[in-house]
> 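The structure follows.
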Amino acid sequence: MPQSKIRIALEPAIRRVMHTYWRFVRGMTLGVRGLVIDAQGRVFLVKHGYVSGWHLPGGGVETGESALEALRRELREEGNIEIGGVPQLFGFYFNRHVSRRDHVALYVVRDFRQIGIPEPNREIVASGFFDPSDLPEGTTRGTRARIAEVIGGHPPAEVWVGA
């Protein structure tokens, strides 16, 4: 069986194990996502090696770390992106798709610079800037919904819709 099919087959089990672990270690989980928009109006998306689909870059806020610190760290790690000014906090979402304890803060980032094109690695297998009207196949429902809220002016939801 090819490695990608094995990874996709194991994904639900790994996710359940990790969320069971987090349930005992953390009362509530908090994540950040960045909707990075370039001068041409394109959005930056990443494709992870451990979960299917295209997503907004981001990740969990670690103990002792602010949401903005986590956003800066995640954008550097996933996209070689350095934030210039202060990003706009756009919304705060309950992410019941992941667990009953997960919440995500969405920031809009327009002032940034990308220091080189990110090399694919184990975590991020692909990334790039995409026109919101021509997103890559496999862009998740949650990612599409957040882009529609920010760029399309749709009202923000309370819940981050699933994959």
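For this chain, numbers begin at 1 and follow the sequence in order. Keep in mind the model is a prediction, meaning the values are calculated, not measured. Side-chain atoms are counted along with the backbone in the values below, which use heavy atoms only and exclude waters and symmetry mates.
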> State, yes or no, whether a side-chain contact exists between Arg146 and Trp160 at a heavy-atom distance under 4.5 Å.
yes
> Assess whether side chain to side chain contact (heavy atoms under 4.5 Å, CB included) is satisfied between Leu135 and Trp54, documenting all intermediate values.
CA-CA 9 Å; Leu135 296 173; Trp54 288 88; over 6 Å; no
> In Å and rounded to the nearest 0.5 Å, what is the CZ to CD1 distance from Phe112 to Ile37?
9.0 Å
> Does any part of the side chain of Leu71, heavy atoms only, come nearer than 4.5 Å to the side chain of Val109, both counted from C-beta?
yes
> Testing the basics here: between Pro132 and Ile151, what is the closest heavy-atom pair and its distance to 0.1 Å?
CG-CD1, 3.6 Å
> Side chains of Glu119 and Asn121: closer than 4.5 Å at any heavy-atom pair?
no
> Under 3.5 Å, side chain of Glu62 to main-chain N/O of Ala70, donor-acceptor pair present?
no
> Within the distance-only criterion (no hydrogens, no angle test), does the side chain of Glu149 pair as donor or acceptor with the backbone N or O of Ala157 below 3.5 angstrom?
yes
> Provide the closest heavy-atom pair for Thr140 versus Ser52 in the form atom of the first, atom of the second, distance.
CG2-O, 4.3 Å
> Examine Leu89 and Val36 and state if one hydrophobic cluster contains both, with Ile, Leu, Val, Met, Phe, Trp and Tyr joined whenever side-chain heavy atoms are less than 4.5 Å apart.
yes
> So Phe90 and Leu35, do their side chains get closer than 4.5 Å, heavy atoms only?
no
> Does Val125 form a side chain to side chain contact (heavy atoms under 4.5 Å, CB included) with His48? I'd like the steps, not just the answer.
CA-CA 6 Å; Val125 297; His48 296 276; over 6 Å; no
> If you define the side chain from C-beta out and look only at heavy atoms, does anything of Asn95 sit under 4.5 Å from Thr29?
no
> Any chance you could measure Phe92, atom CZ, to Tyr107, atom OH, to the nearest 0.5 Å?
9.0 Å
> With rounding to the nearest 0.5 Å, note down the distance linking CZ in Arg144 to NE2 in His154.
13.0 Å
> What is the minimum heavy-atom distance between Ile147 and Val43, and which atoms define it?
CD1-CG2, 3.8 Å
> Can a cation-pi geometry be assigned to Arg33 and Tyr93, taking NZ or CZ under 6.0 Å from the six-membered ring centre and within 45° of the ring axis?
no
> Side chains of Val150 and Leu106, heavy atoms from C-beta outward: is any pair under 4.5 Å?
yes
> How close do Glu65 and Val61 get, heavy atom to heavy atom, and via which atoms?
O-CG1, 3.1 Å
> Considering all heavy atoms of both residues, which atom of Ala105 and which atom of Leu30 are nearest to each other, and what is their separation?
N-CD1, 4.4 Å
> Does some side-chain heavy atom of Arg42 sit less than 4.5 Å from a side-chain heavy atom of Phe130?
no
> NZ of Lys47 to NE2 of His55: how many Å apart, nearest 0.5 Å?
9.5 Å
> Testing the basics here: between Leu75 and Pro57, what is the closest heavy-atom pair and its distance to 0.1 Å?
CD2-CG, 3.5 Å
> Which value, rounded to the nearest 0.5 Å, describes the distance between Asp131 atom CG and Asp38 atom CG?
9.5 Å
> How about CD on Gln40, more than 12 heavy atoms from neighbouring residues, nucleotides or ligands closer than 6.0 Å, or not?
yes
> Mind checking the CD-CD spacing from Glu69 to Glu74? Nearest 0.5 Å is all I need.
12.5 Å
